[in-house]
Structure formats: C-alpha cells, structure tokens
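One structure, as structure tokens, below. Some questions next.
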Amino acid sequence: MKIDEVELRIVRLPYRAPFVTSFGAESQKVALLTTVRSDGVEGYGEGVMDPLPMYREETLAGARSLIEQALAPDLITHGCTHPSELLDRWSRWRGNPMAKTALELAVWDCFARQQDVPLRTLLGGDRTEIPVGASLGMNPVAEMVAAVERHVAEGYRRVKLKIEPGRDLDVLEAVRAACPEIELTVDANSAYTLDDVDVLRRFDDFDLHYVEQPLHWDDLVDHAALAGLVRTPICLDESLTSPARVRAALDLGSCAVVNVKVGRVGGLTAVQRIHDLCVDRGVPMWCGGMLETGVGRAHNIHLATMPGFVYPGDTASASRTYARDIVEPALEATNGIMPVPPGPGIGVELDRPFLDEVTESVEVLRR
Ligand code: OSB
Ligand code: MG
C-alpha cells in the first residue's frame with residue numbers, strides 16, 4: 001500500500017474519576033491519535049505514551065519526534081505491501097515500541113478496511129465477543145470495596161485491584177470478605193522489592209489468580225527469584241517489552257502468565273509472535289489496557305480475539321473511564337462480555353465534532 005499522509009493528533013480527555021496506582025493519581029488521558037491515508041481510505045491508531053515516563057520510559061514528546069523524523073517519512077517514502085513488514089523494518093531504530101505501535105496500528109486498520117475485513121480476521125481471531133475484567137484503582141478501602149461490588153453486579157468476569165506497600169493486605173481482606181468467590185487479581189505496578197517478600201507471601205492467603213508486576217518495571221531476574229518464594233502465579237506487565245523479552249522471561253521462569261499490551265511490545269506483529277510463543281509453551285495470556293480512548297480500545301478488543309488470550313482482559317466498557325468517547329459505536333460490555341465491533345478494520349468511526357472539541361493539536365505529514 002502507498003501511504004499518502006500521516007496525521008498526528010494530540011487529544012485530551014478527562015477521566016470520570018482519578019485512576020490511582022502505585023505511581024500516582026491520574027485525572028486525564030493525553031493521547032496521540034494517528035491516522036494514515038491510503039487511496040482514499042483512512043486507518044486509525046493510538047499511542048499509549050504518557051506525557052511523563054510514569055509507566056515505562058517513553059514519553060509523548062519523544063514518540064512524536066521519532067514518528068516525525070523517522071517512522072512517518074519511512075512509511076510515506078516506501079509504503080508497505082503488508083503491515084506485518086513494519087516491525088522488522090523499523091527494528092533499525094532501537095526500542096521505542098509505543099511510538100512504533102502508534103503508527104503501525106493505523107496501517108493495520110487501514111489495510112483491513114481496504115480488504116473490507118474486520119481487523120481480527122487478519123490476526124486469526126475467530127471470536128466475535130470476548131470476556132472482560134475491570135482494573136480498579138481508588139482510595140480509600142471502602143471505596144474500593146464498593147467499586148468491586150458494583151463491577152461484580154455488572155457481571156465483570158474478573159476484578160483487578162491496584163495495590164502498593166501499605167495499601168495491600170487491608171484492601172485484600174476487605175474485598176475478600178465482601179466477595180469471597182470472585183476471580184481476583186492485584187497489580188502493584190512495580191511498587192515492591194525482594195525485601196518485601198514477607199508481605200508478598202501473605203498474598204497467597206487470598207486465592208489470587210495472579211499478582212501483576214510486583215517488582216521493578218524492567219526486571220526479569222528478581223521476579224524469577226520471587227516465583228520460587230510464593231505460590232501465587234506471577235504475571236508480568238511492564239517488564240515485557242518485545243517478543244525476545246517474553247521468551248527470556250519464560251526461559252528464566254520470571255512469570256507464569258503474560259499481560260500483552262500492544263504498545264508496550266511494539267505492535268500487532270510483535271503480539272502475533274508473543275501469542276504463538278505462549279501458545280506453544282502453554283502459557284496463558286490476556287490483553288491489558290492503558291485506559292485508551294475508543295481507538296486504542298477497539299484495537300485491543302480485536303487482538304484479544306486471538307485464541308491464546310484465555311483470561312479476561314482489561315478491555316472493559318469505555319463508559320467506565322470516559323463520560324463521552326471519541327468513537328462510535330460505543331464500546332460497551334454487557335454482563336462482562338465485550339462484543340467485537342463487526343465492521344471493517346477496527347469497526348469504529350471517529351465522532352468528528354467531539355474529537356475536534358478535545359483536540360489540542362493536529363499535524364499532517366505528506367510526501
Ligand atoms: O498496569 O495495567 C496497568 C492503566 C494505565 C497504566 C497501567 C495500567 C493500567 C490499568 C488500566 O491497569 C487498564 C484499563 O482499564 O485500561
Ligand atoms: Mg499492570
């Protein structure tokens with residue numbers, strides 16, 4: 001495909017409630033939305049870099065600069081015959097998976113729309129709906145318990161609690177007392193060290209499906225050591241930044257469950273490689289989320305239809321996060337089941353008037 005234009009748009013969208021994790025409280029999304037235009041067809045992607053490097057080290061400004069200076073000129077000059085070429089072609093620029101993904105996703109969406117098929121079909125996903133869970137980050141404990149009860153009543157298939165040292169065992173005790181049966185997980189977003197092993201061991205009492213990224217955000221070795229000291233399975237999020245890193249984590253025994261976020265691993269081709277590796281090794285996967293707008297969320301829903309995504313993902317209803325989303329139709333789960341938008345590509349269209357209201361800047365790169 002010949003790529004005529006790349007559009008980079010920064011949007012700001014307030015969250016309905018602050019999202020509290022071990023790295024702080026966030027009250028709005030600042031997203032980079034990408035559009036590629038090819039023979040009159042558009043495709044959309046979304047970058048998940050934050051303005052400041054809170055989750056991993058990429059930033060919005062750095063990613064935008066890499067796209068402007070290297071990725072978009074390469075794409076506009078050379079086009080591609082299939083979006084799966086881009087991962088290896090862009091490997092000459094090291095790292096920066098979120099920047100690469102922001103643009104690669106738009107190419108995949110555009111390609112699927114040109115073929116007139118849903119994106120999931122290109123990825124080998126047969127399912128037309130997927131089970132979803134919810135990720136809850138709030139203070140104080142009573143508010144967390146109320147939120148868990150609300151999500152269980154709405155039918156969510158799994159609830160994940162954001163925890164950190166000093167806000168962990170009390171939360172777990174309160175939630176388990178209120179909901180003894182639910183599928184429960186915790187996400188520490190790297191807030192502990194191996195010195196905290198006594199607390200981490202006590203998580204074993206709460207029948208957790210897994211504990212997500214307890215240790216340093218780039219570590220594999222300490223997680224492998226921790227896996228030998230606790231019974232609760234370890235799931236890695238932040239540390240898994242490419243197919244090679246996932247293979248290393250599995251070889252080392254750093255995790256028994258894999259959280260896939262397309263932006264963190266470098267795009268949909270990287271997701272396919274990780275998927276095939278995990279299926280081959282019998283390692284369960286699930287699709288994580290970054291509180292994306294409808295564009296990134298729709299991509300997540302399509303990729304989570306691949307057969308290796310056996311646990312409920314974080315791709316919950318957009319209305320949990322935003323009073324109004326930038327896409328139509330709305331991405332809403334019913335009784336914990338998210339339907340995959342059936343149209344071509346990611347199956348959603350931009351709500352242009354509202355998108356313009358929340359747009360901070362637009363830049364168009366041409367041949
Ligand atoms: O660690 O999974 C995480 C959101 C932002 C950054 C990191 C994480 C999260 C979530 C939210 O847990 C998942 C979602 O609802 O999109
Ligand atoms: Mg996480």
Side-chain angles (χ1 to χ4, degrees), residues 13 15-31 46-60 97-98 101 130-138 144 147-148 150-151 154 156-164 184-192 208-219 223 233-241 249 254-255 257-265 285-301 303-304 311-322 325 331-333 336 338:
L13 212 53
Y15 297 141
R16 284 178 52 187
F19 191 67
V20 184
T21 69
S22 63
F23 50 73
E26 295 292 327
S27 59
Q28 63 171 356
K29 165 62 85 178
V30 186
E46 177 171 345
V48 294
M49 312 71 56
D50 295 313
L52 294 173
M54 306 303 288
Y55 163 80
R56 280 212 52 99
E57 74 275 64
E58 286 180 88
T59 62
L60 197 57
M98 292 177 180
T101 302
I130 51 169
V132 291
S135 172
L136 307 183
M138 63 266 301
M144 189 78 115
V148 172
R150 205 165 55 241
H151 284 85
E154 283 176 30
Y156 280 100
R157 303 296 156 122
R158 173 276 273 150
V159 172
K160 156 171 143 183
L161 311 175
K162 293 290 187 178
I163 55 157
E164 62 189 298
L184 192 63
T185 72
V186 292
D187 186 356
N189 289 107
S190 315
Y192 298 84
L208 302 178
H209 209 202
Y210 48 79
V211 52
E212 186 175 338
Q213 196 75 31
L215 308 180
H216 187 276
W217 56 272
D218 205 33
D219 169 77
H223 282 98
I234 294 172
C235 172
L236 286 178
D237 174 355
E238 280 88 332
S239 291
L240 303 179
T241 52
S254 314
C255 65
V257 178
V258 166
N259 169 333
V260 171
K261 289 180 184 170
V262 61
R264 194 190 64 236
V265 302
M285 315 162 69
W286 57 279
C287 180
M290 294 287 287
L291 302 172
E292 290 91 341
T293 77
V295 170
R297 195 176 300 265
H299 275 285
N300 291 342
I301 293 167
L303 77 86
Y311 290 170
D314 275 345
T315 45
S317 295
S319 62
R320 285 185 64 244
T321 307
Y322 300 109
D325 200 354
L331 299 170
E332 293 299 300
M338 177 68 84

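Ligands are counted one by one from 1 in listed order, and the atoms in each one are counted from 1 as well. Computation of the quantities below employed the complete heavy-atom set of this structure, encompassing side-chain atoms and omitting hydrogens, waters and symmetry-equivalent molecules.
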Checklist entry - At under 4.0 Å between heavy atoms, which part of Thr315 makes contact with ligand 1: side chain, backbone, both or neither? => result neither
Next on the checklist: Looking only at the side chains, is there a donor atom on one of Tyr55 and Ser190 sitting less than 3.5 Å from an acceptor on the other?
Outcome noted: no
Checklist outcome for this item: atom 9 (C) of ligand 1 sits nearest the protein heavy atom Gly289 O, 3.5 Å
Next on the checklist: Regarding atom 3 (C) of ligand 1: of the candidates Glu238, Lys261, Glu212, which has the closest heavy atom?
Outcome noted: Lys261
Checklist entry - Got a salt bridge between Arg158 and Asp314, using NZ or NE/NH1/NH2 to carboxylate O under 4.0 Å? => result yes
Item to check | Steps toward side-chain contact (heavy atoms from CB on, under 4.5 Å) verdict (Lys162, Asp187) | outcome: CA-CA 5 Å; Lys162 293 290 187 178; Asp187 186 356; 2.8 Å; yes
Next on the checklist: Students should be able to answer this: which protein heavy-atom is nearest to atom 16 (O) of ligand 1, and at what distance?
Outcome noted: Leu291 N, 2.8 Å
Checklist entry - Are any N, O or S atoms from Glu212 nearer to the Mg ion (ligand 2) than 2.8 Å? => result yes
Checklist entry - What residue and heavy atom of the protein are closest to atom 1 (O) of ligand 1, and at what distance? => result Asn189 ND2, 2.7 Å
Next on the checklist: Geometry only, no angles: is Tyr55 polar-contacting ligand 1 at N/O separations under 3.5 Å?
Outcome noted: no
Checklist entry - Does Met54 reach ligand 1, in the sense of a heavy atom lying below 4.0 Å from it? => result no
Checklist entry - What angle, in degrees and rounded to 10°, do you get at the Mg ion (ligand 2) when you join it to OD2 of Asp237 and to OD2 of Asp187? => result 180°
Item to check | Glu212 vs Thr185, side chain to side chain donor-acceptor pair (under 3.5 Å): CA-CA, chis, key distance, verdict | outcome: CA-CA 8 Å; Glu212 186 175 338; Thr185 72; 5.2 Å; no
Checklist entry - Between Tyr322 and Lys29, which heavy-atom pair has the shortest distance, and what is it? => result OH-CB, 3.2 Å
Checklist entry - Is the shortest heavy-atom distance from the side chain of Arg320 to the side chain of His151 under 4.5 Å? => result yes
Checklist outcome for this item: With heavy atoms and a 4.0 Å threshold, my read on which part of Lys160 contacts ligand 1 is side chain
Item to check | ligand 1 contact on Thr321 by region, counting heavy-atom pairs under 4.0 Å | outcome: neither
Next on the checklist: Within the 4.5 Å heavy-atom criterion, are Asp50 and Val30 side-chain neighbours or not?
Outcome noted: no
Checklist entry - Where is the tightest heavy-atom contact between Arg56 and Arg264, given as atom of each residue plus distance? => result CD-CG, 3.9 Å
Next on the checklist: For atom 4 (C) of ligand 1, what is the closest protein heavy atom, and at what distance to 0.1 Å?
Outcome noted: Phe19 CE2, 3.6 Å
Checklist entry - Can the ring centroids of Tyr210 and Trp286 be said to lie less than 6.0 angstrom from one another? => result yes
Checklist entry - In ligand 1, which numbered atoms sit nearer than 4.0 Å to a non-hydrogen atom of Lys162? => result 1 (O), 2 (O), 3 (C), 8 (C), 9 (C), 10 (C), 12 (O)
Checklist entry - What residue and atom, counting heavy atoms only, is the protein's closest point to atom 6 (C) of ligand 1, and at what distance? => result Met290 SD, 3.5 Å
Next on the checklist: Please report whether ligand 1 has a polar contact with Asp237, defined as an N or O pair separated by less than 3.5 Å (distance criterion only).
Outcome noted: yes
Item to check | Lys261 side chain vs Glu238 backbone, donor-acceptor pair below 3.5 Å | outcome: no
Item to check | Atom indices of ligand 1 within 4.0 angstrom of Ser135 heavy atoms, with elements | outcome: 10 (C), 11 (C), 12 (O), 13 (C)
